[in-house]
Structures are given as structure tokens and as C-alpha cells.
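Indexing begins at 1, ligand by ligand and atom by atom, following the structure's order. Along the sequence shown, residues carry numbers from 1.
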Amino acid sequence: MTTSSHYDIIIAGAGASGLSLIWYLLQSEVMREKRILLLDLSLEPTDAKTWCFWEDAELPEKDLIYHTWNTLEVRAYDNIYSEELQRYRYMCMRSLDFTRSILKMAHDHDSITCMEAAVKSFGSDNGRGVVHTDRGSFFADWVFQSALKPANFDDQPVDVSLKQHFMGMEIEVNEPIFDPNKVMLMDFDTSQKHGVTFFYVLPFSKTKALVEYTFFTEQTLTEQEYIAGIKSYLKNRYDLGDGCYTTARTEIGSIPMEDRRYPAWYTDRVMNIGTVGGLTKPSTGYTFTRIHRHCKSIVEALETGARPPVSNRSSYRFRVYDIMLLYLLEADPAICKQIFHDLFKRNSFDKILQFLEEDTHPGHEISIFASLPYTPFFKAIYKMKHRIVTGA
Ligand SMILES: Cc1cc2nc3c(=O)[nH]c(=O)nc-3n(C[C@H](O)[C@H](O)[C@H](O)COP(=O)(O)OP(=O)(O)OC[C@H]3O[C@@H](n4cnc5c(N)ncnc54)[C@H](O)[C@@H]3O)c2cc1C
């Protein structure tokens, strides 16, 4: 065993969660002097994702925010509900800017070793975490991993396992047709034959926008099917034929939407973070701000020598809401369009975002549910009672 196989902290996976953790470690006078190993298959900055969120209080690198919108729109049954946000701003960060900036900080910092390696598995050794890779095994007091599904992942009970899957095309047009202040959060006026389906449009200027074709379903589509859907949407909604725009980039993704409880620990000293740590909100797919809050709390604990905390899991109430909504997304997609329509028609958008952020109190939540059709939710409670009763 060589000295360089021992570290204070190993971060396996340099995506959103691994690099957020690096950022918080570098902000800490105590922690930035620790010996840290950052591992990933590739340490090249990646342009694969556009991360959106609506809370900036604790986010790192605020200057990396690419665009901010103050108005959200939702469309269903040919009605458009549009509202200027009062409490929040909706914003996005490009993974290219985020990964490039934080990887540079990591490379420039003497106590951080950056290594490209394929992680094979994790283990424990005399109270330390071990990472087995194709370039050898590495040991640390604490390992934070976002690279592999935990070994006991498949043992966790799961009733609903959907995906939020999508393809986005970033297009540029000659004529000014977009409003860069307004996001089309969900446009449900499209075929729902696969299940819950909508378009999401993020305009970055009057002539540039990311247009995403999004599904909350079990099966993904082929790339050709996503592209055909986007093309037909551009034609129907904006009268843009094939020759009327250029495509600057595309992004494709699949985010888990499950009632499974993700194991917090891989082994006693290896913590799961990010998506594999269960940080995704099951009913929406939003993960980014949860990752940041978790990484901040990890660094605060490490500074005091405490055991890193598992992520702030949803409280029982919000877990039940997620379970009910997941059930409906899977079992009754048709009613979901009506539910989303009523939700955005009858509640302020800020209140809905606050609810999705799990920052509301029970009175708020009762008033939101009172604005929605009751019967499907009673059915969901009945069908999912075995999960709801135990909170499992
Ligand atoms: C296209 C896309 C868009 C998204 N947009 C949003 C959004 O708008 N808002 C939001 O809140 N959430 C969004 N999400 C969900 C979530 O925020 C992101 O997926 C986020 O990147 C998850 O961070 P992570 O660190 O868990 O995983 P990742 O960012 O995927 O990082 C995991 C890292 O592990 C590395 N790795 C994997 N296997 C190995 C191995 N064997 N050895 C070594 N390294 C390995 C990978 O190379 C990768 O760098 C999006 C997801 C996708 C796919």
C-alpha cells in the first residue's frame, strides 16, 4: 500500500453532487486543508445538463447562473395560466459552466488530487471507507459517492417506479419569437397517449430557447421519437418548420420518480449522495437544490468532527403526498392533466413552488388539496395504504 492511497476524504463521482461537495469543502478553512481525492470516469467539463431551480439562498457560485426568469406559465385544455413570481425566481445553471469552474478550483488546490478512474465497488477496512477502482484501491475516513447504485438498492420496497425522461433541443431562430422573461413550465396540450406528457420551454433570449419534450412514464422513447415530437411542437406552437431554426445542442435525460427509499449508506463509511443517495424529489424530479443543502450540511458536520448527516429526507406528510401523486401518475395519467390544470389555475405559483420545496405548513397544504379533485386522491390513499401507514 502506498501513502497516496490514503486520504481524509474521497469523493467518487464528479457530477452535480460530487462537485457541490468540493465547492463547500473549499469554502471551509478547516476542510480545505484535508487530503481529498476526487474520482470520476472523466474529469472533462460536461455540457450535458441544464439545471433549473427556484431557490438561491444557499447555492454555490451564484455568478454561474445562466438565466433567470420572473414569470411562469402552464398550459392545459387551451388555457394558459401565467404569473409573475413574487417570492422566488426561476433560474438555471449549465452543467458546462458549473463543472468547468469547480473542476478548475479542484485542479488548482494543492490538497485535492483529481484522478480519472472507474469505480468498481466500495467497502470498509478498519473503520475507513475503501474505493476499489481500475487504478487500485483508495482509503479514507469518509467516502462520498454518487457513482454507483448502493448494493442493497434492489432490496428496498417499491410500488411505483417511473422515470421523468425527456429530450431537449436548444434552438436558435432568426425572428424574435420568445419572451426571455417567461418559462413555459408545463404545456400539456399535446398527445397524452404514452402517459403524462408535456413540453417545457426555457427561452434564453428572444431568439434562443431550450424546448424539452418530457414524460412521467415507465418507458423511455427512442431519440427519433423525441425529435419528431419536438419538431411537431415547434411547428404547431411557433409555426417553425425544419428550415426555420438551427439546433445548437441537445440534452437527453432520465430521472427516477420512485417511492423507493434510497439507502443513505453504501457501507458504514461510504455515504451515498446525489441521485443515488435518494436526493431526487420523487414527484417532480427536482434534485439540484436538495443536493446543495445536503452537501452544505455534510461539510458543517465534518468541520466539527461529527458523523456526516444523511440528507434531510422529506417529512412524513410530504412523503405521503409524493406517494399519492406517484400512484396517480402511474395509474391514472388522464386525471393528472386535470390535477395540474386545477393546481395552477387555483393557486398562486409561488405557493405551489413553496409546496414543492416542502416549505409549507399543513394549513397551506389543505388549501392546495381542497382546490383539486378529491376522488383520485382518496383512491390513491386506499391503494397505497400499505406504504402510507408505515411511511415506508
Ligand atoms: C439532462 C438532465 C437534466 C436535469 N435537470 C435538472 C433540473 O433542471 N433541476 C433539477 O433539480 N434536477 C435536474 N436533473 C436531475 C439531477 O439534478 C441531475 O441528474 C444531477 O446531475 C444529479 O447529480 P449527481 O451528482 O447525483 O449525478 P451526476 O451529476 O450524474 O454525477 C455522477 C458522476 O458519477 C460519475 N460516474 C458514474 N459511474 C462511475 C464509475 N463507475 N466510476 C467513476 N465515476 C462514475 C459520472 O461520470 C458522473 O460525473 C437533471 C438530470 C438530467 C439527466
Item checked: Rounded distance (nearest 0.5 Å) linking atom CZ of Phe288 with atom OG of Ser17 ->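 So the gap between those two atoms works out to 10.0 Å.
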
Item checked: Ring-face cation of Lys379 near Tyr382 (centre distance under 6.0 Å, axis angle within 45°) ->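 No, Lys379 and Tyr382 do not form such a contact.
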
Next item on the list: Assess Arg94 against Phe204: is NZ or CZ under 6.0 Å from the centre of the six-membered ring, and within 45 degrees of the ring's axis?
Entry: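 Positive - Arg94 is close enough to the ring of Phe204 and near enough to its axis.
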
In the protein, which heavy atom is nearest to [atom], and how far is it?
atom                    : result
atom 26 (O) of ligand 1 : Thr275 N, 2.7 Å
atom 14 (N) of ligand 1 : Ile255 CD1, 3.5 Å
atom 34 (O) of ligand 1 : Gly13 CA, 3.5 Å
atom 41 (N) of ligand 1 : Val119 O, 3.2 Å

In this structure, does ligand 1 have an atom that sits under 4.0 Å from one of the heavy atoms of [X]?
X      : value
Thr46  : no
Ser95  : no
Val276 : no
Phe53  : no

For the 3.5 Å polar cut-off, considering only N or O atoms, please tell me whether [X] and ligand 1 meet it.
X      : value
Lys49  : yes
Phe288 : yes
Ala16  : yes
Cys52  : yes

If you measure from [atom] to every heavy atom of [options], which option wins on shortest distance?
atom                    : options                      : result
atom 24 (P) of ligand 1 : Ala48, Gly15, Ser17          : Ser17
atom 35 (C) of ligand 1 : Leu202, Asp40, Ile273        : Asp40
atom 45 (C) of ligand 1 : Ala147, Ala14, Ser121, Ser42 : Ala147
atom 4 (C) of ligand 1  : Thr287, Leu148, Thr99, Thr50 : Thr50
atom 13 (C) of ligand 1 : Trp51, Trp54, Phe98          : Trp51

Checklist line | Geometric class of the Tyr321/Phe355 ring pair [parallel <30°, tilted 30-60°, perpendicular >60°] | finding: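 It falls in the tilted class, 30° to 60°.
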
Next item on the list: May I have the step-by-step check of ring pair (Phe, Tyr, Trp, His ring centres under 6.0 Å) for Phe53 and Tyr90, ending in yes or no?
Entry: CA-CA 6 Å; Phe53 42 88; Tyr90 198 75; 8.1 Å; no

Checklist line | Element-labelled atoms of ligand 1 that are located less than 4.0 Å from some non-hydrogen atom of Gly274 | finding: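 In order of number, 26 (O).
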
Notebook entry, point to check: Charged N to carboxylate O under 4.0 angstrom, Lys281 versus Glu358?
Noted result: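 Answer for the salt bridge query: yes.
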
Do any side-chain atoms of residues 80-89 form donor-acceptor pairs under 3.5 angstrom with protein atoms, and if so which ones, sequence neighbours left out?
from: Tyr81; atom 1: OH; to: His341; atom 2: NE2; distance (Å): 2.8
from: Glu83; atom 1: OE2; to: Phe349; atom 2: N; distance (Å): 2.9
from: Gln86; atom 1: NE2; to: Glu84; atom 2: O; distance (Å): 3.2
from: Arg87; atom 1: NH2; to: Asp359; atom 2: OD2; distance (Å): 2.9
from: Arg89; atom 1: NH1; to: Leu85; atom 2: O; distance (Å): 3.1

